[in-house]
Amino acid sequence: SSHFPKFQFPLCLILWTMRCFRGSAKTENATETNVAKEVDVEKQCKGLVIGDVPAIFVESTESTESTGGTVKPENATETNVVEAGDVEKQCEGVVGGSAGSPVKAEAPRCCSLRAKILSILAGFALLAGAAIVALWPRDPSWNLTNLDVLDESALMFFVVAFGSGGLKNDTALPEVIFRAGATLENPNLIGGTVASGDFKVLYKDKLLGGGQSEPVAVPALGSGNVQADIRVKLDPALFQEITTDVLQNSLHTKVKVRGGATVKSIFGLQLHCRMECDIEASVAELFGETKPAVVESKNCSYKYF
């Protein structure tokens with residue numbers, strides 16, 4: 001101590017204190033760097049860069065320079081390269097191409113397969129719904145085009161009986177046969193062939209007559225002409241009831257037609273149709289030249305199975 005001035009001891013104490021301070025500063029900087037490295041890799045990889053170097057390393061370099069420049073620039077560059085390599089390893093699979101360019105993670109295969117299956121099922125459901133709407137049967141319509149009496153003498157018998165005011169209960173009435181034709185309109189998107197069908201003509205639920213229709217092909221959104229023979233057989237009591245009704249209603253009456261037929265279409269499709277029509281009839285037209293006008297109005301309903 002005799003060789004050093006007295007002020008040297010306080011100077012050594014100050015230098016020792018500064019050295020301890022610098023050591024604690026380095027420890028704090030190292031702690032901050034470790035904390036920064038533990039930050040979510042996704043945040044580091046989403047563009048938190050300055051130039052080509054992540055911002056964390058710029059901060060680290062600036063803090064090192066602030067400590068007095070004890071680290072050489074070459075060492076700082078090597079440190080940055082090593083740390084950049086570490087981040088590249090951390091970001092492997094998260095960052096691709098240029099730095100900071102995010103890449104979307106692929107969905108798990110199970111979820112992708114489930115989505116494909118659901119898409120396929122949804123497509124099939126839509127196709128099935130569209131097919132049901134397109135193929136669901138729409139009600140046809142018909143219009144009487146011709147009505148011919150095959151035996152005029154039989155019809156004249158009823159004309160005479162009608163004019164005389166009635167018949168005896170034991171009077172034998174002839175059978176009247178009509179040849180009827182109708183245009184059948186098909187509003188459906190598919191056509192088909194209507195097989196031979198049966199029908200009945202009723203007056204207040206009492207059988208007037210009936211017959212069979214001939215087969216006819218009807219195209220999609222088109223029409224066809226169907227022909228049928230109608231046989232009318234009356235007994236004296238029913239004839240008298242109809243005569244009274246016609247006279248009271250200005251030569252008009254109401255009848256009902258019930259019938260059905262099977263329709264065969266493409267792809268083996270087969271549909272049975274039942275029809276029921278309430279008809280307002282003008283009896284006077286039966287004795288004129290415009291017999292099809294006997295049907296003044298009609299209201300039809302259809303069932304399919």
Side-chain angles (χ1 to χ4, degrees), residues 131-132 134-155 158 173-235 238-239 242 253-283 285-286 290-305:
I132 291 174
L135 300 179
W136 192 264
R138 299 173 176 86
D139 293 344
S141 61
W142 61 271
N143 290 292
L144 192 64
T145 56
N146 63 278
L147 185 63
D148 303 318
V149 181
L150 299 185
D151 187 356
E152 290 288 347
S153 62
L155 183 61
F158 288 100
L173 301 179
E175 182 181 60
V176 182
I177 303 176
F178 295 93
R179 179 70 172 175
T183 299
L184 186 62
E185 299 287 344
N186 177 23
N188 294 282
L189 299 178
I190 59 174
T193 301
V194 183
S196 177
D198 62 279
F199 60 92
K200 296 177 180 180
V201 181
L202 305 170
Y203 172 78
K204 295 182 179 179
D205 292 330
K206 297 175 183 178
L207 183 62
L208 274 178
Q212 283 191 330
S213 61
E214 298 175 356
V216 59
V218 183
L221 302 176
S223 62
N225 190 268
V226 59
Q227 297 290 323
D229 288 336
I230 306 173
R231 297 177 178 272
V232 178
K233 181 67 174 178
L234 300 177
D235 59 58
L238 183 56
F239 176 78
I242 294 174
T253 190
K254 294 180 180 180
V255 295
K256 187 184 295 290
V257 177
R258 293 175 181 167
T262 299
V263 181
K264 297 180 180 180
S265 187
I266 58 175
F267 308 122
L269 294 177
Q270 187 168 302
L271 185 68
H272 192 73
C273 174
R274 298 296 298 178
M275 174 192 73
E276 183 171 311
C277 295
D278 293 318
I279 297 175
E280 182 81 23
S282 175
V283 179
E285 299 294 342
L286 288 175
T290 57
K291 290 182 176 59
V294 67
V295 178
E296 285 194 334
S297 64
K298 61 183 182 299
N299 182 24
C300 299
S301 61
Y302 300 85
K303 293 182 180 180
Y304 308 93
F305 52 93

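Note that the structure is a prediction, hence the values are computed from the model and not measured.
- Within the 4.5 Å cutoff, no side-chain heavy atoms of Pro140 are placed close to those of Glu185.
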Trace of the salt bridge (Lys or Arg N to Asp or Glu O under 4.0 Å) decision for Arg179 with Asp229: CA-CA 5 Å; Arg179 179 70 172 175; Asp229 288 336; 2.9 Å; yes
Intermediate values then yes/no, salt bridge (Lys or Arg N to Asp or Glu O under 4.0 Å), Lys291 and Glu285: CA-CA 5 Å; Lys291 290 182 176 59; Glu285 299 294 342; over 6 Å; no
Yes or no on side chain to side chain contact (heavy atoms under 4.5 Å, CB included) for Met275 and Val257, after CA distance, side-chain angles and deciding distance? CA-CA 8 Å; Met275 174 192 73; Val257 177; 4.2 Å; yes
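- Looking at Phe158 and Pro174, their side chains come closer than 4.5 Å, going by heavy atoms from C-beta outward.
- When all heavy atoms of Gly260 and His272 are compared, the closest pair comes out as C-CE1, 4.5 Å.
- The shortest distance between side-chain heavy atoms of Leu271 and Pro137 falls below 4.5 Å.
- Inter-residue side-chain proximity for Asp139 and Tyr304 is flagged as met; some heavy-atom pair is nearer than 4.5 Å.
- In this structure, the separation between SG on Cys277 and OH on Tyr302 is 5.0 Å, given to the nearest 0.5 Å.
- Here Leu173 contributes atom CG and Phe239 contributes atom CZ; the two are 7.0 Å apart, rounded to the nearest 0.5 Å.
- For Leu155 against Leu286, the heavy-atom pair with the smallest separation is CD2-O, 3.8 Å.
- Ser213 places a side-chain N or O within 3.5 Å of a backbone atom of Gly197 that can act as its donor or acceptor partner.
- The OG1 atom of Thr145 lies 4.5 Å from the CG atom of Asn225; values are rounded to the nearest 0.5 Å.
- For the pair Asn188 (side chain) and Gly192 (backbone), a donor-acceptor distance under 3.5 Å is absent.
- Between Ala180 and Ile230, the closest heavy-atom pair is CB-CD1, 3.8 Å.
- Between Gly191 and Ser265, the shortest heavy-atom contact is O-OG, 2.6 Å.
- In this structure, CG on Asp198 lies 7.5 Å from NZ on Lys200, to the nearest 0.5 angstrom.
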Could you walk me through whether Glu175 and Val232 pass the side chain to side chain contact (heavy atoms under 4.5 Å, CB included) test, one step at a time? CA-CA 6 Å; Glu175 182 181 60; Val232 178; over 6 Å; no
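- Within the 4.5 Å cutoff, side-chain heavy atoms of Thr253 are placed close to those of Val283.
- Note: Asn143 CG to Thr183 OG1 = 6.5 Å, rounded to the nearest 0.5 Å.
- Inter-residue side-chain proximity for Asn146 and Gln227 is flagged as met; some heavy-atom pair is nearer than 4.5 Å.
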Walk me through whether Thr262 and Gln270 qualify under side chain to side chain contact (heavy atoms under 4.5 Å, CB included). CA-CA 7 Å; Thr262 299; Gln270 187 168 302; 3.5 Å; yes
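- Interatomic distance, CD1 of Ile279 versus SG of Cys300, reported as 6.5 Å (0.5 Å rounding).
- When side chains are defined from C-beta on, Phe305 does not count as touching Cys273, because their heavy atoms never get closer than 4.5 Å.
- Remark: the backbone N or O of Val294 is not paired with any side-chain donor or acceptor of Ser282 at under 3.5 angstrom.
- A donor-acceptor pair under 3.5 Å is formed between the side chain of Asn186 and the backbone N or O of Pro219.
- For the 3.5 Å distance criterion, the side chains of Ser301 and Glu276 fail to qualify, holding no donor opposite an acceptor.
- Residues Ile190 and Leu269 have side chains in contact (heavy-atom distance under 4.5 Å, counting atoms from C-beta outward).
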Set out, in order, the CA-CA distance, both residues' side-chain angles and the distance that settles side chain to side chain contact (heavy atoms under 4.5 Å, CB included) for Lys256 and Leu208, then state yes or no. CA-CA 10 Å; Lys256 187 184 295 290; Leu208 274 178; over 6 Å; no
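- Within the 3.5 Å criterion, the main-chain N or O of Val255 finds no donor-acceptor partner in the side chain of Lys204.
- Surrounding NZ of Lys264 are at most 12 heavy atoms belonging to other residues, nucleotides or ligands under 6.0 Å away.
- Side-chain atoms of Tyr203 do not come within 3.5 Å of backbone N or O of Ile242 as any donor-acceptor pair.
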